[in-house]
**Student:** 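Once you've had a glance at the structure underneath, I'll fire off some questions.
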Amino acid sequence: MKLNRFKKMLLLLSTPLAALAMSACQSNGESASADVTTGTGHPEVFQGRDIYLRGEMNDYGVQRSYRLRKFDENRYCTVAPLRSDWSPYRFKFADEDWSKGTNFGYNSPPGVLREGSGPARLNGKSRFEELRYEPSADGIYRFCIVIENKVPYATVTRLENGKLTTMDEVIRREVAAQFSIPENDE
């Protein structure tokens, strides 16, 4: 029996939530990797808080679509459409209250990331130290915090060349790719 598009999306959204809820429930109350994450599933450096990409691409607002999500073992990412003619983009990673300890800016100047550059070390107690990214082309970019030995670093990589879409389309494509669901169903 074929599922219609709505049921597929509902299934896609409920499966990760159920997996997250199940992973948080352990008999001893500890997280699966105590040195990397807290009981909330957030890495220790996030202090149990949701962290967002906040910058010129979203008017420094807190928007669910810009919340960092676990991408792999030590990488937490979100995506954003950028235009090269609007660069450089200034940004930080922070919780909704810009709390000390989860307000991630550059650790040492200049805090500039470019395509092909290495990661920039972050300072979770920054105040005004915004990172900058200069996209070489219009497209969708992945913004990540990578944690190595409990030290956070920022990376930015281009996902698609020249095609700007809405955040909903970007997230839908990434979810479909992750779960191998064709975008064109009948």
Side-chain angles (χ1 to χ4, degrees), residues 12-82 88-113 117-133 140-157 159 167-168 170-171 174-175 178:
L12 285 175
L13 293 174
S14 64
T15 302
L17 292 174
L20 179 62
M22 293 300 287
S23 69
C25 299
Q26 295 191 1
S27 59
N28 62 7
E30 296 180 69
S31 65
S33 54
D35 63 332
V36 177
T37 62
T38 64
T40 63
H42 295 306
E44 196 173 302
V45 297
F46 290 0
Q47 301 178 8
R49 297 183 180 116
D50 286 337
I51 303 298
Y52 301 85
L53 171 65
R54 301 182 71 173
E56 293 175 335
M57 68 287 296
N58 62 6
D59 292 328
Y60 293 89
V62 172
Q63 299 165 352
R64 186 174 179 199
S65 58
Y66 290 101
R67 182 175 55 87
L68 298 185
R69 292 166 176 82
K70 187 170 186 170
F71 186 75
D72 58 26
E73 184 62 30
N74 295 318
R75 193 164 34 155
Y76 297 80
C77 306
T78 191
V79 293
L82 302 181
Y89 285 87
R90 297 179 190 281
F91 70 96
K92 294 179 88 172
F93 297 100
D95 69 6
E96 63 184 47
D97 298 320
W98 300 99
S99 302
K100 186 175 183 180
T102 55
N103 185 353
F104 298 94
Y106 65 78
N107 190 57
S108 57
V112 177
L113 295 165
S117 69
R121 186 172 179 169
L122 297 174
N123 171 10
K125 296 178 182 178
S126 74
R127 293 189 64 202
F128 304 109
E129 299 84 7
E130 294 177 306
L131 295 132
R132 289 185 299 153
Y133 184 72
I140 306 301
Y141 289 79
R142 179 178 287 132
F143 289 77
C144 298
I145 291 182
V146 179
I147 301 168
E148 295 179 12
N149 298 320
K150 297 184 181 182
V151 177
Y153 294 87
T155 64
V156 181
T157 54
L159 297 180
M167 282 302 296
D168 287 341
V170 171
I171 291 169
E174 285 208 354
V175 168
Q178 182 177 357

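Owing to the predicted nature of the structure, the values given are computational and were not obtained by experimental measurement.
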**Student:** Side chains of R127 and N103: does their closest heavy-atom pair fall under 4.5 Å?
**Tutor:**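 Not in contact.
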**Student:** Show your reasoning for whether side chain to side chain contact (heavy atoms under 4.5 Å, CB included) applies to F104 and K92.
**Tutor:** CA-CA 6 Å; F104 298 94; K92 294 179 88 172; over 6 Å; no
**Student:** In the structure I gave you, are the side-chain heavy atoms of L122 and N107 within less than 4.5 Å of one another anywhere?
**Tutor:**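 No, side chains not in contact.
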**Student:** Assert yes or no for the condition that the ring centre distance of F46 to Y76 is strictly below 6.0 Å.
**Tutor:**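 Yes, ring centres under 6.0 Å apart.
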**Student:** List the steps and the verdict of side chain to side chain contact (heavy atoms under 4.5 Å, CB included) for R54 and V62.
**Tutor:** CA-CA 7 Å; R54 301 182 71 173; V62 172; 3.5 Å; yes
**Student:** For R121 and V151, work out which heavy atoms get closest and say how close.
**Tutor:**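 Taking every non-hydrogen atom into account, NE-CG1, 3.3 Å.
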**Student:** Check the pair Y133, L82 against side chain to side chain contact (heavy atoms under 4.5 Å, CB included), reporting the backbone distance first and the verdict last.
**Tutor:** CA-CA 10 Å; Y133 184 72; L82 302 181; 3.9 Å; yes
**Student:** Report yes if the side chains of F71 and C144 come closer than 4.5 Å at any heavy-atom pair, otherwise no.
**Tutor:**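 Answer no - side chains too far apart.
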**Student:** Do the rings of F93 and F143 sit parallel, tilted or perpendicular, given the 30° and 60° boundaries?
**Tutor:**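 Correct class here is perpendicular.
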**Student:** May I ask you to decide if D97's main-chain N or O and D95's side chain share a donor-acceptor pair within less than 3.5 Å?
**Tutor:**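 Checking the backbone N and O of D97 against the side chain of D95, a donor-acceptor pair under 3.5 Å is found.
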**Student:** Would you call E130 and Y60 a side-chain contact if the rule is heavy atoms closer than 4.5 Å?
**Tutor:**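 Touching, per the 4.5 Å side-chain cut-off.
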**Student:** Between Y106 and L113, is there a side-chain heavy-atom distance shorter than 4.5 Å?
**Tutor:**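 Heavy-atom side-chain distance check fails, nothing below 4.5 Å.
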**Student:** Could you go through Y141 and M57, starting from their C-alpha distance and side-chain angles, then the distance that decides it, and tell me whether this counts as side chain to side chain contact (heavy atoms under 4.5 Å, CB included)?
**Tutor:** CA-CA 11 Å; Y141 289 79; M57 68 287 296; over 6 Å; no
**Student:** Can you measure from CD1 (I51) to CZ (R69) and round to the nearest 0.5 angstrom?
**Tutor:**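 I51 CD1 to R69 CZ: 13.5 Å, rounded to 0.5 Å.
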